S.K.: 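Below are the structure tokens for one structure; questions will follow.
Computed from a prediction, not measured in an experiment: that's the story for all the values here.
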Amino acid sequence: MNIKGPRGTQDILPGNSEQWQYVESTLMELCKRYNYKEIRTPIFEQTELFQRSVGDTTDIVQKEMYTFTDRGDRSLTLRPEGTASVVRSFVQNKVFGQPSQPTKYFYIGPMFRYERPQQGRMRQFYQFGIEALGSADPAIDAEVLALALNSYQELGLKSLKLVINSLGDNESRQQHREALIAHFAPYRTELCQDCQTRLDKNPLRVLDCKKDRDHPAMESAPSVLDYLNDYSRNYFNKVKVYLDTMGIDYVVDKNLVRGLDYYNHTAFEIMSDAEGFGAITTLSGGGRYNGLVEEMGGPETPGIGFAMSIERLLMALEAEGIQLPIDDTLDCYFVAMGDEAKTETVRLAYLLRKNGIQVDKDYLDRKLKAQFKSADRLKAKYVIVLGEQELAENKANVKKMTTGEQIEVSLDELVSYLKKELGGK
RNA sequence: GCGGUCGUGGCGAAGUGGUUAACGCACCGGAUUGUGGUUCCGGCAUACGUGGGUUCGAUCCCCACCGGUCGCCCCA
């Protein structure tokens, strides 16, 4: 067979899948503490959903979407991010009308972007994210940032940097936009090709251009923060106060601009400082998106959320040398000699498993010694040896692998003996 | 989409324009015919990414493509 998995995809095999499970369950447990509930939406949606929410001029929509036509000539797209679907679902299911607001969701699942793969960037990648819909209280912004940061801390990461900014509301943004165009217009031809188009379509994005980073006009560029109206400035200040209250460190970066169109007010990213982390340091990003629900046909509803890449989270763990506490041991392994004993281990294995004990056994008809080798490799805590002698006496030899000690246990007492030995099982 | 680099067995890794393509790990067996993780001995495998071209002959030279990897753009 020489069919390979599609470019930019990966198989997560045992040896790695345990880490994924550990990370995912840790994140879910954390969500429980913050009272965010899981939402599962389809992994494909009508293409229009992303065009309208993420924005036509964004890189995601312009060159990174996995779009295809189905047999009914509908244009569908593999979701490039999670917020659009969540908002669509919120509106479609009229969740806004339900009693307990705000609505607090989390999701974990694959996202798809058609890009050239490299470290920390896959065509199919996994995101964990949360969305809080229905509240314009800056305290919930702070809650979202706290949860984002906690997600990493919970797994032991230390080298983290929280960067925040405010993009302001529509009025503030409009004024800032005009100021930006006026500011950069005289230098237009000195800017890179991309920035020249950005200047027309989305001047905000000029600010985070890496090519023109050192252009003198950058330093003197009008800051979003200077154009915030009273409401926006006040809102941002409160977010910062709440962060301070929780003792959360952050840096304000006035050039932090998010790549998607729907953001306003609070915008943030969490980056890794870790040594040897590679070119990509952004672990997660998010922000407020008041207006998006309305844009999707729902009532005026504020919202905020963030998303993180599980792949990058795992990279960060590795960069910081953090070993997750994963138990890869096996409770017990059956070693059988002879047909009768083999039949008996089939029965006993089933019995033990039904009693909550992890069991495996030989299926390759190997020699005793080789069976022990397998048990060792599988990190079995106990090996249960059954041969003709034992069978005749209705007993089994139970060997504790860590110490090498071995005792005879009556088959009738095997379950209770092992339960006791394994403790609490 | 652009650029650098790489592509030999399950994994890691030598190597050459020409009979059987090293080695290490892993795996299997034996030494110890009912006991593991050490040691010793032996064995094993549809391996030169794909397709063309040059050549008497290509794993090795050339081209294209595919894929990995790193970087750019941008992001998670």
Side-chain angles (χ1 to χ4, degrees), chain A residues 1-10 13 15 54 57-64 79-83 109-129 148 151 192-195 197-198 202 205 208-212 256-260 268-272 278-286 305-316 333-338 341 362 364-391 396-406:
Chain A
M1 188 194 69
N2 50 12
I3 297 174
K4 295 170 186 162
R7 184 161 210 199
T9 64
Q10 60 173 335
L13 304 172
V54 175
T57 62
T58 59
D59 277 11
I60 290 183
V61 170
Q62 284 196 333
K63 56 179 201 184
E64 295 172 7
R79 61 182 186 191
E81 59 105 45
T83 304
M111 303 293 164
F112 305 84
R113 292 187 199 171
Y114 192 93
E115 291 193 277
R116 185 79 174 265
Q118 60 173 282
Q119 190 177 42
R121 172 182 299 156
M122 292 279 130
R123 286 188 176 179
Q124 173 172 340
F125 61 104
Y126 290 79
Q127 279 191 341
F128 159 70
S151 303
C192 76
Q193 206 57 48
D194 284 339
C195 281
T197 19
R198 282 177 190 141
N202 193 350
R205 297 276 306 284
D208 70 344
C209 176
K210 293 186 178 69
K211 280 185 194 154
D212 292 327
L256 174 68
V257 168
R258 312 256 43 248
L260 314 186
F268 74 99
E269 281 184 10
I270 293 175
M271 312 203 253
S272 172
I280 296 167
T281 55
T282 304
L283 295 175
S284 56
F306 88 97
M308 67 163 69
S309 143
I310 309 279
E311 284 85 351
R312 290 187 189 177
L313 167 57
L314 291 170
M315 280 169 58
Y333 190 90
F334 274 104
V335 166
M337 279 161 297
D362 171 71
L364 297 174
D365 261 325
R366 290 198 278 202
K367 303 254 163 80
L368 177 85
K369 189 182 169 123
Q371 293 191 45
F372 262 92
K373 254 190 155 175
S374 300
D376 200 53
R377 201 159 291 126
L378 294 171
K379 298 184 182 161
K381 295 175 192 147
Y382 293 88
V383 169
I384 303 164
V385 184
L386 217 60
E388 285 172 20
Q389 294 165 26
E390 290 83 359
L391 217 50
N397 258 313
V398 179
K399 180 171 185 176
K400 188 172 187 174
M401 295 300 271
T402 49
T403 62
E405 62 185 321
Q406 180 168 305

S.K.: What pairs with A/R366 under salt bridge (charged side-chain N to carboxylate O under 4.0 Å, His left out), at least two apart in sequence or on another chain?
M.R.: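 If we apply the salt bridge (charged side-chain N to carboxylate O under 4.0 Å, His left out) test to A/R366, skipping adjacent residues, the hits are A/D362.
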S.K.: I'd like the C1' distance from B/C60 over to B/U55, given in whole Å.
M.R.: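 B/U55 and B/C60 have their C1' atoms separated by 13 Å.
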S.K.: Within the pair A/Q118 and B/G71, is there a side-chain N or O less than 4.0 Å away from OP1 or OP2?
M.R.: yes
S.K.: Can a cation-pi geometry be assigned to A/R79 and A/F112, taking NZ or CZ under 6.0 Å from the six-membered ring centre and within 45° of the ring axis?
M.R.: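 Verdict for A/F112: no cation-pi partner in A/R79.
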S.K.: Provide the distance between the two P atoms, one in B/C27 and one in B/G37, to the nearest whole Å.
M.R.: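 Here B/C27 and B/G37 have their P atoms 11 Å from each other.
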S.K.: A/Q127 and A/G82: which non-hydrogen atoms are nearest, and at how many Å?
M.R.: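 In this case the closest contact between A/Q127 and A/G82 is OE1-N, 4.2 Å.
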S.K.: Is a salt bridge present between A/R121 and A/E311, judged by a nitrogen-to-oxygen distance below 4.0 Å?
M.R.: no
S.K.: Please work out if A/M122 contacts a base, only the sugar-phosphate, or nothing of the nucleic acid, heavy-atom cut-off 4.0 Å.
M.R.: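 It contacts base atoms.
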S.K.: Roughly how many Å apart are B/G36 and B/U32, using the C1' atom of each and rounding to a whole number?
M.R.: 13 Å
S.K.: Taking only residues two or more places apart in sequence, or in another chain, which ones meet A/Y126 in a ring-ring contact (aromatic ring centres under 6.0 Å, His included)?
M.R.: A/W20
S.K.: Mind listing the closest non-hydrogen atom pair of A/A396 and A/I384 along with its distance?
M.R.: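 It is CB-CG2, 3.7 Å.
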S.K.: Which listed nucleotide (B/A76, B/G29, B/C73) is nearest to the side chain of A/K63?
M.R.: B/C73
S.K.: Among B/C75, B/C74, B/G37, which is the nearest nucleotide to the side chain of A/E115?
M.R.: B/C74
S.K.: Need one value for A/A380: base, sugar-phosphate or nothing, where a base atom within 4.0 Å counts as base even if backbone is also close, heavy atoms only.
M.R.: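 Nothing, no heavy atom under 4.0 Å.
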S.K.: What's the shortest heavy-atom distance between A/T58 and A/L260, and which atoms?
M.R.: CG2-CA, 4.0 Å
S.K.: Given atom CG of A/L364 and atom C1' of B/C27, what is their separation to the nearest angstrom?
M.R.: 12 Å
S.K.: If the P atom of B/G15 is compared with that of B/G49, how far apart are they to the nearest Å?
M.R.: 16 Å
S.K.: Hey, which of these two, A/S284 or A/G404, hits RNA chain B nearer its 5' end, going by closest nucleotide?
M.R.: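 Closest to the 5' end, via its nearest nucleotide, is A/G404.
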S.K.: Among B/G29, B/G68, B/A76, which nucleotide sits nearest the side chain of A/P117?
M.R.: B/G68
S.K.: Have a look at A/L313 and say if it touches a base, only the backbone sugar-phosphate, or nothing, with a 4.0 Å heavy-atom cut-off.
M.R.: nothing
S.K.: With no hydrogens and no angle check, is any side-chain donor or acceptor of A/T282 less than 3.5 Å from a backbone partner on A/S284?
M.R.: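 Here the side-chain-to-backbone pair does not exist.
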S.K.: Which whole-number value in Å describes the distance from A/D59 CG to B/C74 P?
M.R.: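 Rounding to the nearest Å, CG of A/D59 and P of B/C74 are 7 Å apart.
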S.K.: When you match A/E269 and A/Y114 each to their closest nucleotide on RNA chain B, which lands nearer the 5' end?
M.R.: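 Its nearest nucleotide lies further toward 5', so the answer is A/Y114.
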S.K.: In dot-bracket form, 5' to 3', how is RNA chain B paired? Count Watson-Crick and G-U wobble pairs only if both distances fall under 3.5 Å, and write | where the partner sits on another strand.
M.R.: (((((((..(((.....[....))).(((((.......))))).....(((((..]....))))))))))))....
S.K.: Compare every heavy atom of A/F268 with every heavy atom of A/G305, then report the nearest pair and how far apart it is.
M.R.: O-CE2, 4.1 Å
S.K.: Just by protein heavy atoms under 4.0 Å, how would nucleotides 5-11 of chain B read 5' to 3' in B, S and -?
M.R.: -------
S.K.: In this structure, how many angstroms lie between the C1' atom of B/C66 and the CZ atom of A/R123, rounded?
M.R.: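 Computing the A/R123:CZ to B/C66:C1' distance gives 12 Å.
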S.K.: Do any N or O atoms of the protein come closer than 3.5 Å to N or O atoms of nucleotides 31-34 of chain B, and which pairs are they?
M.R.:
| residue | atom | partner | partner atom | Å |
| --- | --- | --- | --- | --- |
| B/G34 | O6 | A/Q389 | N | 3.2 |
| B/G34 | O6 | A/Q389 | NE2 | 3.1 |
| B/G34 | N1 | A/E390 | OE1 | 2.9 |
| B/G34 | N1 | A/E390 | OE2 | 3.0 |
| B/G34 | N2 | A/E390 | OE2 | 2.3 |

S.K.: Hey, does A/G8 reach any base, or is it just sugar-phosphate, or nothing, if we go heavy atoms under 4.0 Å?
M.R.: sugar-phosphate
S.K.: Take the protein atom CD of A/Q119 and the nucleotide atom C1' of B/C73, then report the distance between them rounded to whole Å.
M.R.: 18 Å
S.K.: Starting at atom CD of A/Q371, determine the distance to atom P of B/C28, rounded to an integer number of angstrom.
M.R.: 12 Å
S.K.: Using the C1' atoms only, state how far B/U38 lies from B/U46, rounded to an integer number of Å.
M.R.: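 That atom pair is separated by 35 Å.
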S.K.: Answer yes or no: does a side-chain N or O of A/Q127 lie under 4.0 Å from OP1 or OP2 of B/A76?
M.R.: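 No.
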S.K.: Mind checking the P distance from B/C75 to B/C6? Whole angstroms is fine.
M.R.: 32 Å
S.K.: If I pick the C1' atom on B/U8 and the same atom on B/A58, what distance separates them, to the nearest angstrom?
M.R.: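 Straight-line distance between the two C1' atoms is 15 Å.
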S.K.: Going by side chain to side chain donor-acceptor pair (under 3.5 Å), name the residues that satisfy it together with A/Y333, two or more places apart in sequence or in a different chain.
M.R.: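 Applying side chain to side chain donor-acceptor pair (under 3.5 Å) to A/Y333 gives none.
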S.K.: Do the side chain of A/R113 and the main chain of A/M122 share a donor and acceptor less than 3.5 angstrom apart?
M.R.: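 Checking the backbone N and O of A/M122 against the side chain of A/R113, no donor-acceptor pair under 3.5 Å is found.
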S.K.: Whether A/R366 contacts B/G29 is assessed here as follows: a side-chain N or O lying under 4.0 Å from the phosphate OP1 or OP2. Is that the case?
M.R.: no
S.K.: Would you mind reading off the distance between A/K367 atom NZ and B/G36 atom C1', rounded to a whole angstrom?
M.R.: 16 Å
S.K.: Return the orientation label for the A/F128 and A/F306 ring planes: parallel under 30°, perpendicular over 60°, tilted otherwise.
M.R.: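 Geometry flag for A/F306 against A/F128: perpendicular rings.
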S.K.: With hydrogens left out and only the distance checked, is there a donor-acceptor pair under 3.5 Å joining A/E64's side chain and the base of B/A76?
M.R.: no
S.K.: For A/L256 and B/C75, give me the distance from atom CG to atom P, rounded to whole Å.
M.R.: 10 Å
S.K.: Between B/C70 and A/R121, counting only base atoms on the nucleotide and side-chain atoms on the residue, is there a donor-acceptor pair under 3.5 Å?
M.R.: no
S.K.: How close or far is atom P of B/U39 from atom NZ of A/K373, stated in whole angstroms?
M.R.: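 In whole Å, B/U39 P and A/K373 NZ are 11 Å from each other.
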S.K.: Rounded to whole angstrom, note down the P distance from B/U59 over to B/G53.
M.R.: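 Their P atoms lie roughly 14 Å apart.
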S.K.: Would you call A/F334 and A/V385 a side-chain contact if the rule is heavy atoms closer than 4.5 Å?
M.R.: no
S.K.: Looking at every non-hydrogen atom in both residues, tell me the closest pair between A/Q371 and A/V335 and how far apart they are.
M.R.: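 Heavy-atom minimum between the residues: OE1-CA, 3.2 Å.
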